[in-house]
Amino acid sequence: MNKKTALMTRLKVHWRALAVVLALMLWAAWYARPADIYTLAPGLKEADAIDISLRDLGGQGRDYPLKCFSPEDPEWDTALETIEALRFRRPPWNPLLQFVPKHSFSGRVTHDGDQHILLSLYKPGGGYIQVQFFIDEWTYSSPHSNRNLTLWVTDSRETGKTLAEAFRPLLESD
């Protein structure tokens with residue numbers, strides 16, 4: 001038996017396993033693609049309300065009051081466009097994490113300039129998502145398991161700071 005025939009025989013024997021591995025690799029690449037807020041929450045086509053909470057952490061920290069926006073508010077377009085511009089990547093192991101015991105952000109040391117941002121977008125009776133940024137980590141509430149799962153964001157800390165700067169004037173206005 002020559003080398004080519006031996007390779008073909010080996011591929012025939014293991015084709016199912018190779019097909020499964022290839023399918024998993026393709027799925028992982030698709031799942032980890034850049035996604036917007038609506039991809040994370042497929043049931044939420046257009047939000048009717050947005051809640052934004054911002055805390056500046058560290059010694060000179062400041063809590064901004066939770067602000068709820070609706071389409072009638074003058075800040076609505078700015079807030080929604082800022083959120084819709086975000087792009088997230090989901091780690092391919094997130095579906096497995098839904099079955100692992102929950103963890104939290106406890107025990108993190110905060111410094112001046114760190115932020116905590118909590119965004120909730122919802123449509124009463126039609127979908128909900130919550131995205132959280134804490135110091136340098138992003139998470140979202142899974143629509144399937146009601147668990148917080150990891151998100152990857154390019155330049156995570158800088159993106160969070162930019163988002164905080166965009167929201168700060170909206171939260172200070174009354």
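Treat the numbers as computed from the prediction; the structure is a model and nothing was measured. Numbering starts at 1 and runs along the sequence shown.
Alongside L24, the hydrophobic cluster contains V20 (criterion: ILVMFWY side chains under 4.5 Å). The hydrophobic cluster containing L26 also includes L22, under a criterion of side-chain heavy atoms closer than 4.5 Å among ILVMFWY residues, counted directly or through chains of members. Through ILVMFWY side-chain contacts below 4.5 Å, L118 is grouped with nothing and stands alone.
Looking at residues two or more places apart in sequence or on another chain, you find a side-chain hydrogen bond (donor to acceptor under 3.5 Å, both in side chains) between T39 and D36. Applying the side-chain hydrogen bond (donor to acceptor under 3.5 Å, both in side chains) test to Y31 and every residue at least two apart in sequence or in another chain returns nothing. A search for ring pair (Phe, Tyr, Trp, His ring centres under 6.0 Å) contacts involving F133 returns W138, not counting sequence neighbours. In terms of the salt bridge (Lys or Arg N to Asp or Glu O under 4.0 Å) criterion, residue partners of E165 (sequence neighbours excluded) are, by chain and number, R168. With sequence neighbours excluded, the residues forming a side-chain hydrogen bond (donor to acceptor under 3.5 Å, both in side chains) with S120 are Q130, listed by chain and number. A search for side-chain hydrogen bond (donor to acceptor under 3.5 Å, both in side chains) contacts involving D63 returns R55, not counting sequence neighbours.
Note on W30: it does not cluster hydrophobically with L96, by side-chain heavy-atom contacts below 4.5 Å among ILVMFWY residues. Residue W152 is grouped with residue V131 when hydrophobic side chains (ILVMFWY) are merged at heavy-atom distances under 4.5 angstrom, including chains of intermediate members.
The distance from atom CG of L121 to atom CZ of F69, rounded to the nearest 0.5 Å, is 11.0 Å. The CG atom of D155 lies 12.0 Å from the CG atom of D136; values are rounded to the nearest 0.5 Å. Of the inter-residue distances, the one linking H116 atom NE2 with S53 atom OG reads 6.5 Å to the nearest 0.5 angstrom. Note: L54 CG to L66 CG = 11.0 Å, rounded to the nearest 0.5 Å.
Within the 4.5 Å cutoff, the side chain of I135 has heavy atoms near those of the L57 side chain. Within the 4.5 Å cutoff, side-chain heavy atoms of P95 are placed close to those of W27. Side chains of L151 and L40 form a contact here, defined as non-hydrogen atoms less than 4.5 Å apart.
A distance-only check finds a donor-acceptor pair linking the side chain of T159 to the backbone of T154 [under 3.5 Å].
Ring geometry for Y128 against Y122 counts as tilted: the plane angle lies between 30° and 60°, on a 0 to 90° scale.
The shortest non-hydrogen separation linking N94 to R90 is ND2-CB, 4.1 Å. Contact record, S156 with E137: OG-N, 4.2 Å, taken as the closest heavy-atom pair.
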- Query: Is there a side-chain contact (heavy atoms from CB on, under 4.5 Å) between L171 and I52 once you walk through the steps?
  - Reply: CA-CA 8 Å; L171 300 176; I52 300 174; 4.1 Å; yes
- Could you walk me through whether Q115 and D56 pass the side-chain contact (heavy atoms from CB on, under 4.5 Å) test, one step at a time? CA-CA 5 Å; Q115 275 92 31; D56 290 328; 3.5 Å; yes
- Message: Set out, in order, the CA-CA distance, both residues' side-chain angles and the distance that settles salt bridge (Lys or Arg N to Asp or Glu O under 4.0 Å) for E172 and R62, then state yes or no.
- Response: CA-CA 12 Å; E172 290 174 340; R62 176 178 176 195; 3.2 Å; yes
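Judged as a salt bridge (charged side-chain N to carboxylate O under 4.0 Å, His left out), the pairs with a partner in residues 114-134 (not counting sequence neighbours) are, in order, D48-K123, D114-R157. Counting only residues at least two apart or on different chains, no salt bridge (charged side-chain N to carboxylate O under 4.0 Å, His left out) pair has a member in residues 17-31.
Between Y140 and the choices I129, N148, T150, the side-chain contact (heavy atoms from CB on, under 4.5 Å) rule is met once, by I129.
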Donor-acceptor contacts, no H, no angles, side chain residues 76-88, under 3.5 Å, sequence neighbours left out:
unit_1	atom_1	unit_2	atom_2	d
T82	OG1	T78	O	2.7
E84	OE2	Y38	OH	2.6
R87	NH1	E84	O	2.7

